Every structure is written in C-alpha cells, then in structure tokens.
Number of protein chains: 2
Amino acid sequence: MNIEPNLCRVEDALEIIVGKWKPIILLHLLKNGTMRFSDLKRSIPNITQKMLTKNLRELENEDIIERFVYPQVPPKVEYSITEYGKELEPLLHAMHKWGVKHALHKQQYKFI
Amino acid sequence: MNIEPNLCRVEDALEIIVGKWKPIILLHLLKNGTMRFSDLKRSIPNITQKMLTKNLRELENEDIIERFVYPQVPPKVEYSITEYGKELEPLLHAMHKWGVKHALHKQQYKFI
DNA sequence: CCGTATCCATGCCGATACTG
DNA sequence: CAGTATCGGCATGGATACGG
C-alpha cells in the first residue's frame, strides 16, 4: 500500500499536532479529562501564558479541544478533548512508541 | 493506556519527520526505492537544492536513509531508505490517513 | 551533477508588562 | 484567573550565485 507522494496528507496531520507544546497539551487533557487553564499552566511549567493560549486556540479551531467559560468573576475556563479529538490518541501513541524505539536505536548505533 | 505526559516521546518522533519536505522525500523513496539526487529534485519541483540537501543529510544522520556516491565525474549520488527507516512507513500511513479524515471533517463542520 | 556559501524575509517563540 | 499587547532574538527556509 503506497501513498502517492503528491497526494500526501501527512503534512496536514503534522500541522495540527506539531509545535513544541501541542502534543504535551493533548496528552495532559487526554490523561486528566477536563482541565482549567491554570491547571495546564502548572502542569507544563516552561510554557508561557502566551504560548499556552495560542496553542489552545489553534487546537480549538481544529475541533480537537473544547473551551468552556464559566460566566463568573474571577474567570474560570475549562478545556477538554472533543469526541473527534479523541481520534488523535492512537496516532499520538504510535508516534510516542516510535520515538521511544528511535531513542534506543540511536544509543545502539551511535551515529552522529 | 496512557502516555505519561512528562515522559512523552512524541516530540522526538516529530523532530525526525517534521519539516515541509521530509514526509514527501520519504514517500518518494519508499515508492521508488533508490533515487538519484536529480530524480528527487525533479519529483519535488518546489524544493530548492539547499533544502533538499539539508533534509537528506538530516535523514541520513538519523539512519532513516542511505547515501551512496559513485566515484565518477560527473557525480552520481543515490539515496534509499534504510531497513530501519522502513519502520517509519506505518507511522506515515497512519498520519496520512488521519490527515485525509481531518480534511473531510473540516469540510463537514465548517469551523474556522 | 551535486552540492556549498551567502544574503535576507518571515515567523515562531520567549520575556515582560498590563487588564477585566 | 485568564487572558492581551508589545518587543525582540533566533532559527527556518527561500533566492541566488558559485564550485569540484
């Protein structure tokens, strides 16, 4: 089974999940279910507010995650994976698995 | 089965196959077997020589592809996927499949 | 034919400060 | 609490020219 290179949609998949933070955000939401903005911020210490907001917006625009705002002061905003977004999980696992295997391969053969 | 977000290797996988050109290069090599530099260049019209060279070197450094130089003038250089590199194929297919599905999903729900 | 070298535009991303 | 606004460094990648 070949993918015709010119009809390749791999790049489209990559655009959604690529970025320094998106996989981590998704994994946190998959693990914990619903999370507040501050929960995510605390779980990913090195991310800035700006980047967290930006990535969340982008994932929301692709219908991967959902945003729910409680109309109250101080604000409370919750994020969760959509049903559709959950279809990404097997892919993330496959990539994770390959990543682990590759780390091992690098050790063994010491190229670079 | 959860991935512990802090132990996530998805990013490692992404680093190897991300980039505007890497998936396309890999798919061409997977489809055609061995290809010369000029074959690849012709198959991917919009890529510059610089970018093609750079991406090929990076894939070679990760042991995903192999480079064979014929000692002759004018030069002849052939690229092919390594045995190890072939293990990436299922992942590329999975990403492609998801990409196709996502394109459809976007059409149907017209978010954005 | 198969590269390198150089220059340059763009945009990602971090740091920081400010707001309802 | 959950953002937005602004500034700026730095890497990515394109165009182009040159070389063995």
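As the structure is a prediction and not an experimental result, all values here were calculated from the model.
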Please list, chain by chain and in numerical order, all residues satisfying salt bridge (charged side-chain N to carboxylate O under 4.0 Å, His left out) with [X], sequence neighbours excluded.
X	value
A:K50	none
B:K76	none
B:K101	A:E87

Below 3.5 Å, can you tabulate the donor-acceptor pairs from side chains in residues 7-24 of chain A to any protein atom, sequence neighbours excluded?
residue : atom : partner : partner atom : Å
A:K22   : NZ   : A:E58   : OE1          : 2.6

Residue-level proximity of residues 67-81 of chain A to DNA chain D when a heavy atom falls under 4.0 Å: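 Those residues are A:R67, A:P74, A:P75, A:K76, A:V77, A:Y79.
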
Specify the residues of residues 29-49 of chain A, ordered by number, for which at least one heavy atom lies under 4.0 angstrom from an atom of DNA chain D.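 The answer is A:R36, A:F37, A:S38, A:Q49.
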
Pairing residues for A:K97 by the side-chain hydrogen bond (donor to acceptor under 3.5 Å, both in side chains) criterion, not counting sequence neighbours: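 side-chain hydrogen bond (donor to acceptor under 3.5 Å, both in side chains) check on A:K97 returns nothing, list empty.
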
Transitive ILVMFWY cluster of B:Y70, excluding itself - 4.5 Å side-chain cut-off: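 B:F68, listed by chain and number.
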
Just how large is the angle between the end axes of the helix from C:dC1-D:dG20 to C:dG20-D:dC1, five pairs per end, to 10 degrees?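 One end axis against the other gives 40°.
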
What residue pairs, at least two apart or across chains, pass side chain to side chain donor-acceptor pair (under 3.5 Å) with a residue in residues 31-46 of chain B?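 The answer is A:E4-B:K31.
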
Kindly assign one of parallel, tilted or perpendicular to the pair B:F37 and B:Y79, based on the angle between their ring planes and the thresholds 30° and 60°.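 Geometry flag for B:Y79 against B:F37: tilted rings.
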
Considering only nitrogen or oxygen atoms on both sides, find all protein atoms under 3.5 Å from nucleotides 7-10 of chain C and state each distance.
none

Walk along DNA chain D from 5' to 3' and tell me the first and last nucleotide with an atom closer than 4.0 Å to a non-hydrogen atom of chain B.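 Here the contact window of chain B covers D:dG13 to D:dG20.
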
